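Residue numbers run from 1 in the order of the sequence given. Worth saying up front: this structure is predicted, and the values here are computed from it rather than measured.
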Amino acid sequence: MKKVGLSSIAATLLGASMLFFSACSGDKPASKEEAKSEAKVESPKVLTFANFRDIRDLNPHLYAGELYAQNMLFESLVHIDSEGKITPWLAQSWKISEDGKTYTFKLREDVFFSDGEKFNAVAAKANFDAILANAPRHTWLESVRLMEAIDKAGGKSVEATSEYELTIRLDAPYYPFLVELGVIRPFRFVSPKAFINGGTKEGVSALSGTGAYILKENHKDQYAIFEANPKYWGEKPQTKQVVVKVIPDNQTRVMALEKGEVDLLFGTNMIDAEAYNRFSKMKGFGAAMSAPTSTRMLLINTADSVTGDLAIRKAIQHATNKETISKAIFSGIESPADLTLAPSVPYANLGLTPYEYNLAKAEAILEESGWKKVEGKKYREKEGKELAITLHYNSNNVVDKTIAEFVQGEWSKIGVNLKITGEEEQANRDRMKAGQFQIVFNISWGTPYDPQSFLAGMRKPVYGDYFAQLGIANKAAIDQNILEALESTSEEKRQEHYRFVLTRLHDEAVYLPLTYERNRAIFNEKVKNVGFGVSKYEVPFERMTLQ
């Protein structure tokens with residue numbers, strides 16, 4: 001996944017056919033003797049990948065950067081493998097106290113940051129301290145709250161108990177702690193030498209991690225070059241260089257792959273069903289698909305004057321043909337989602353009854369609640385007010401736009417005037433965080449974040465979930481049960497808390513599940529071992545090889 005640096009890389013990247021160059025040292029043409037000599041040297045293994053935007057700020061303790069890129073540079077104490085198992089990483093082993101509040105990690109002794117600094121317990125503690133110094137930025141993490149509570153009480157939540165032993169104390173038991181340590185951010189380690197003003201919340205001066213790759217170059221909105229980290233402690237990736245080209249347009253990316261300008265496209269929303277099916281059958285190319293990773297859904301605001309009506313929320317549940325969405329929009333790649341979380345998600349197999357697709361039932365619900373058909377008018381009314389709802393979506397997401405247009409037509413059949421509005425991604429996120437919506441697109445956080453992180457985020461205004469649930473009479477009880485599930489040391493009690501939360505959200509029709517997402521990749525056949533990690537946000541370059 002990492003590669004070797006080239007002095008003339010900028011020029012070579014401008015020509016598609018030049019991406020697979022020899023290890024050049026300059027612009028001077030080689031003599032015949034030099035060419036013969038170079039022919040004996042194996043060409044660097046360069047993988048060219050396309051993403052829709054720049055890698056942005058890769059500070060591992062913040063959230064602006066591309067997750068796949070942060071994962072290449074920075075590591076944490078533990079790793080979550082593709083089966084969801086917690087395995088050693090920078091920590092060789094760990095012990096958990098009987099009360100579930102204290103974790104003691106034995107660290108590897110052979111690890112260096114890419115700037116040459118030694119990784120040890122002091123460096124690890126400095127990173128945790130930097131994260132906790134910016135605790136309000138990490139409100140979705142219950143583990144941050146539990147560490148912060150120890151410090152506020154005068155204790156030490158994180159301590160370097162020896163050069164290679166790190167001890168972390170929590171204010172209460174928290175069963176997902178190791179999972180949170182293993183996800184891509186924020187518990188990844190950057191060299192303390194790169195801290196600014198003693199921390200990381202104001203940025204970092206260098207992207208010095210312990211990962212298998214280093215960032216060699218980044219030309220904003222054009223391309224970035226990642227090279228193999230020569231100081232890496234683990235197994236060296238066979239792909240020595242990864243070039244990431246920024247190609248915003250979906251069709252242009254696909255054409256670039258077909259023409260050989262890039263080797264790999266990867267991601268749930270980077271590859272539509274048509275492209276996936278075409279390349280899976282095309283000579284010279286391959287395709288791969290993961291197991292279901294998360295739920296694609298609509299989030300309905302229960303505190304809004306219109307969508308706060310439970311009858312409306314239930315009616316549109318029954319008026320949404322998920323089978324058609326699955327087949328017509330995703331060619332069956334994403335299966336219909338009956339529930340907010342798939343039964344395969346831990347603690348989510350509850351036997352809840354899905355909302356069936358039934359237009360007659362949807363109309364009956366609206367009629368009974370006072371939303372009547374008016375002669376000569378297309379949409380239902382109640383007390384002289386038209387049944388109009390606005391659905392906001394990210395205008396950069398072609399799939400969401402397609403679904404929005406389909407749903408708009410479906411709901412019109414029961415007399416609902418659905419207005420769809422596309423807006424720039426950040427504006428859409430800001431709208432969700434402020435609760436200024438009636439309906440927006442949403443996804444569960446996916447493996448390994450579901451259910452714990454997805455539900456924990458509902459307790460605070462992290463995304464739109466908190467505001468969407470404020471119209472539920474027992475919102476406080478939902479939040480309390482989420483907290484008790486996270487802190488419970490009893491599997492049986494934990495399951496009951498999750499049952500309460502997921503059942504209440506289902507009965508209140510807050511979430512309208514559409515399909516179960518599956519990660520996917522299409523690639524040149526010379527790229528081997530293309531697979532998936534436990535998270536849809538990581539691209540496991542380090543396992544890929546090039547022929």
Side-chain angles (χ1 to χ4, degrees), residues 139-140 295 297-320 337 339-341 350 352-355 361-362 365-371 379-393 404 407 411 414-421 428-445 451 454-485 497-514:
T139 54
W140 66 279
T295 308
M297 64 183 79
L298 297 179
L299 176 61
I300 310 172
N301 194 341
T302 63
D304 180 77
S305 60
V306 178
T307 53
D309 186 337
L310 179 58
I312 292 176
R313 299 200 301 274
K314 287 188 173 182
I316 59 178
Q317 295 267 356
H318 288 294
T320 305
L339 300 167
T340 304
L341 294 178
L350 305 175
L352 299 175
T353 303
Y355 291 93
K361 189 169 186 175
I365 292 173
L366 292 176
E367 281 287 333
E368 187 176 345
S369 65
W371 290 99
Y379 302 112
R380 292 177 179 271
E381 293 184 0
K382 183 177 183 179
E383 299 175 353
K385 182 179 180 180
E386 182 182 83
L387 180 45
I389 303 172
T390 299
L391 166 60
H392 293 273
Y393 68 91
V407 171
W411 293 0
I414 62 169
V416 176
N417 180 12
L418 181 66
K419 302 175 182 179
I420 59 175
T421 302
N428 191 248
R429 287 180 178 272
D430 291 344
R431 179 181 298 282
M432 293 178 69
K433 287 186 177 183
Q436 297 174 351
F437 62 89
Q438 291 181 306
I439 304 180
V440 291
F441 280 90
N442 196 35
I443 56 171
S444 72
W445 292 21
F454 176 51
L455 297 188
M458 297 175 182
R459 299 179 60 245
K460 303 282 180 64
V462 178
Y463 292 109
D465 305 84
Y466 174 81
F467 289 105
Q469 296 175 19
L470 289 181
I472 302 175
N474 57 354
K475 166 64 173 167
I478 290 174
D479 290 348
Q480 183 60 31
N481 272 270
I482 292 173
L483 179 60
E484 291 181 14
H497 292 308
Y498 278 130
R499 176 181 293 278
F500 176 87
V501 172
L502 293 173
T503 300
R504 292 302 302 134
L505 294 177
H506 178 73
D507 291 346
E508 291 288 339
V510 183
Y511 298 89
L512 199 170
L514 299 170

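Residues H506 and P354 come closest through the heavy atom pair CE1-CA, 4.2 Å. Between I482 and R459, the closest heavy-atom pair is CG2-CD, 3.7 Å. Across K419 and A388, no two heavy atoms sit closer than the pair CE-CB, 4.2 Å.
Remark: F467 CZ to F437 CZ distance equals 8.5 Å, nearest 0.5 Å. Note that CG of L502 and CG of L455 are 5.5 Å apart. Values are rounded to the nearest 0.5 Å. Expressed to the nearest 0.5 Å, how far CD1 of I443 lies from CG of L514 amounts to 12.0 Å. Atom CD1 in I439 sits 14.5 Å away from atom OH in Y393 (nearest 0.5 Å). Taken from OG1 in T340 to CG in L512, the straight-line distance is 9.0 Å, to the nearest 0.5 Å. With rounding to the nearest 0.5 angstrom, the OH atom of Y463 is 10.0 Å from the CG atom of N442.
Aromatic ring centres of H318 and Y355: separated by under 6.0 Å.
Note on residues 298-319: pairs passing salt bridge (Lys or Arg N to Asp or Glu O under 4.0 Å), not counting sequence neighbours, are R313-E508.
Considering K475, M432, K460 as possible partners of Y466, the one that fulfils the side chain to side chain contact (heavy atoms under 4.5 Å, CB included) test is K475. Residue N481 is tested with R499, H497, R504 for a side-chain hydrogen bond (donor to acceptor under 3.5 Å, both in side chains); the sole match is H497.
Within the 3.5 Å criterion, the main-chain N or O of V510 finds no donor-acceptor partner in the side chain of Q317. Within the 3.5 Å criterion, the main-chain N or O of W371 finds a donor-acceptor partner in the side chain of R380. Between the side chain of T503 and the main chain of F500, no donor-acceptor pair closer than 3.5 Å is present. T295 places no side-chain N or O within 3.5 Å of a backbone atom of P513 that could act as its donor or acceptor partner. A donor-acceptor pair under 3.5 Å is absent between the side-chain atoms of Q438 and the main chain of I389, judged by distance alone.
Side-chain contact between T302 and T307 is absent, with no heavy atoms from C-beta onward closer than 4.5 Å. Side-chain contact between Q469 and I478 is present, with at least one heavy-atom pair separated by less than 4.5 Å.
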